[in-house]
Each structure stands twice: as C-alpha cells, then as structure tokens.
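Remember, predicted model here, so these are calculated numbers, not experimental data. Residue numbering restarts at 1 for every chain, and letters A, B, ... go by the order of the sequence lines.
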Amino acid sequence: MQGQARAVTERLSSWWFTPMPARRLALLRIAIGALALAYLTFRAPNLASVAELAPQQFAPVGAAALLTQPVPAWFVRSSVGLSIVLGAAFTVGAAFRVTGPAFALLLLWVTTYRSSWGMVFHTENLFTLHVMLLAGSPAADALSWDARNSGRASPALDEEDGRFGWAIRAMSLVTVVAYVVAGVAKLKLSGGTWLGGELLRAQIAYDNLRKLELGTRVSPLGPWLVRHREVFPALSVLTMLVELGAPLALVYRRVTLPWVLAAWSFHVGVLLLMSIGFFYQLSGFAYLSFFPLERGLALLQRRLAKA
Amino acid sequence: MSRPLTAIFGLAVAAAAAAPLLRDATHDSYPFSTYPMFARVLHQPQLTFAEGVTGSGQARRLPPEMVVNDEPMQAMRTLKLTANAGRRALKQLCAAIAARVAAAPIYADVRRVRIARARFDPLRYFEPDSGPQGQEREQLVECRVRRAR
C-alpha cells in the first residue's frame, strides 16, 4: 500500500515537474503579458469607471471583501495606470522578481475591484490566474530584459528543466479546472434539465432580450436560433462534453488539440449567439500552455529565413 | 523558489480554482468562481431599464454608457440594485443618467429620463407572432434632462 502510494506520488511529481524548455515558459510570459497589457490599456476607461458607481452598490468579492467601503477614485485610477506600467515590465521581463508578482497582485486587485459592484465578471478569471502562475515562476530566465542584462549566466533557450515545466503544467491544469467547475455548476443549478436544451435556449433568448431592452445591439444569430428549438439539445450536450471532458486534454495528448478547438469553438458560439466575448479564450492565448510554443516559433523563424 | 515551494504554490492555485466545486454554485466569487453563467432556470425574469422620452412622448432605450459605463451587465445590475434600494437611490441614478444624456448630442431631443421595469418571457419575446412585449410594466422614477442654455 505504501509502495503504491509512493509510486503514485512519484508519477504525479514527475508529471508536475516535466522538464520543459526555458524558451516555452518565456514565450508564454511574453504572449500572455502582451495580451494582458493590451487589455488593460484598451479597457482602462471601463476599469476606472467603477470609481463613479454609487457606494451603496459596493458588494466586494474575493480579496476586496476585506474592504468595508469603496476606495477613493484616485486610488482606482492609479491602480489601473500602474497595472499598465507593471504589465509592460512583466512582458519584457524587467526586474521580474519584483515586477512579476507586483503585476500579478495588481491585476488581481484591479479585476477583483471591477467585479465588486454587484456584477461578477467571468472573462478575466483565467488570464488573471495564468499571470499569477507566471509571476511565481522563472518565466524571465530567458528571452527577457533580465536575462540579457543580468550579467549572470542564463539558461540555454532549449534547456529543459522541471523548474520551467511546473508552471506550464499548472496553467493547463487551472484551465481544465475552470471548464469542469462551469460544467458542474450547470448540473448543480439545474440538474439534468440542462441537457434537454430548453434552459440553454431560454438563457440565450434572455441574454439577447436584456441587451436589446438595455439599448445595445446584438448579433442577429441568437434571436434567430432560439426559434429553432430542435438544435438546443445537441448544443447543450456538446457544451457539457467540452466542459466535463476538459481533463482528457491533460491526460491524453491526442485529445488535446481537438479539445482546444472544441473549447475555442464554444466561445465563438457564445460570441455569435450572445455577443459575449471571452477575449482570452477567443484569442487562443488561454490554451497556449498545452502546446510546444518554441517549436512553432522555430518553424516560423525557418520559414521567414527562407523567404 | 525551491521545488517544494513551487509545487505548493502551483498546486495551491489549482486547488483554489477547484474549491468552488465544494460550495453552493450560486455563491460566486472572483477569481475563484463557480462559473454559474447560463446555468439557472429562468421564470419570466424582471428587467429594469432606462428610457429617454422626447418632447413628443416617444420613448427609446438608453444604452449602458448613459447608465454607468459601456458594460451592459454592469448597467443592468446598477439599474436592478438601484431599483431595489428605493426611491431616493432611483432619483439619484435618474439625475446622473439625465446629466449624461444632457451632455450627449445624439440625445438632444430627449427631455426626460425614465427608469422602469417589466417582466419578459424570453422565448416568446423572439416569436414572430408574439413580439417584444414586456408584462407588468412599472414606472419607477422620472426626471428632467437639464441643459445649459
């Protein structure tokens, strides 16, 4: 029994600390950091606008639950501004030991505060968690300002070590967990009814209805599709397969790409039917940790060199 | 970080992401969410909205930017929470919306702002023979749009 437990622990540990190249982790830092930076920059007015909401609407969640009242408007605006500066430092890997964790914590604060006004947003969770994992890893040991200017020996770009691999494993694990939690929530809140399709149909109809009644434009596809109830059982089952089937993408390499494509297609469907943009997933960046990015980059470099 | 510490940190984040599985799915949080989106059964939901009323009495919906910001769901929640908070809060929100309307040239013909709510049947709303009709419509507050002359 003890021997079996030890064998399982060793297997899990070797999976968690799978040697992976420094370059792959660095590319994840650069890609996700750049996307986070672009997001913060373009959404800065919206992120800062919560400072103008009525204090009685303040309903803190997560870490913000420590607050008994809203913070001053200048603090909100400063936080958003500083997050952009730190996001740039994170992306280029400058003073990463400080800027990495600082950016992750500030991003967590800015996005948590945004969700503390009666509406919990779900479009920023995954990329915030991925940034946190990157911040706690040696993601700037390669392809970074620090690596170039530190004066100490950097790892070879292709050096493979478990100290780079764990963060990439953790990112993929957190991605899979998010989908499973979403699938379980549907079953918890509505049981098997969800698989019948009518609930999904009503949710899509309601989402479009409320946007129209709130004076915004919607894609015509959602209102059109809700009139065809026969497609919804299949859509419900497919949604559940993507969500509850996510762990298979971690366990079986052959399932990874099909699952990623299915998950991405799910988000395209959500955008087309409900005009809800999960930007991180739609960009594809949410799934980068599943793939050997450095090989894709090497292929691109070879093609460009030939051209 | 040492290997044991990195393992603890990474696993802690993953465990925290999975922890919502153990709590009531309606108790949402951030960033460790239960992701309850699109999961609830709907029973003729009630929706609160803001309208701009012209001098001739025509009403048109005011978009989220006039209510609070460009985020539709934040605007929806703001309207709903304010409606539940009572008349004083509604008057304040109405005045705030009216000030934004006054500053927006596209709404130059709007004389009054009205906040109302109604119940809707989401599926019948998009049926060709039913159309977008709200039921049990209730006007909550109305206020004037004041413009500098």
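Only the side chain of A:Leu53 comes within contact range of chain B, with heavy atoms under 4.5 Å apart. Both the backbone and the side chain of A:Leu209 come within contact range of chain B, each with at least one heavy atom under 4.5 Å from a heavy atom of that chain. The contact between A:Ala182 and chain B is made by backbone and side chain atoms together, counting heavy-atom distances below 4.5 Å. Interface residue A:Trp117: backbone and side-chain heavy atoms are both found under 4.5 Å from chain B. In this structure, chain B has heavy atoms under 4.5 Å from both the backbone and the side chain of A:Thr112. Of the atoms belonging to A:Ser13, not a single heavy atom falls under 4.5 Å from chain B. Residue A:Ala54 does not touch chain B at all, counting heavy-atom pairs closer than 4.5 Å. Using a 4.5 Å cut-off between heavy atoms, A:Arg114 touches chain B through backbone and side chain atoms alike. Proximity to chain B (any heavy atom under 4.5 Å) is shown, for A:Leu133, by both the backbone and the side chain. For A:Met274, the part sitting under 4.5 Å from any heavy atom of chain B is the side chain, from C-beta outward, and nothing else. Using a 4.5 Å cut-off between heavy atoms, A:Ile276 touches chain B through its side chain atoms alone.
With respect to A:Glu213 and A:Arg210, no salt bridge is recorded, no charged nitrogen being found less than 4.0 Å from a carboxylate O. Ion pairing between A:Lys186 and A:Glu243 holds under the 4.0 Å rule for side-chain N and carboxylate O.
Your options are A:Leu199, A:Val177, A:Val174, A:Thr239, and the one with the most heavy-atom pairs under 4.5 Å with chain B is A:Leu199. Contact tally against chain B (heavy-atom pairs below 4.5 Å) for A:Leu126, A:Val180, A:Leu129: the top residue is A:Leu129.
Looking at A:Phe127 and A:Phe279, their side chains come closer than 4.5 Å, going by heavy atoms from C-beta outward.
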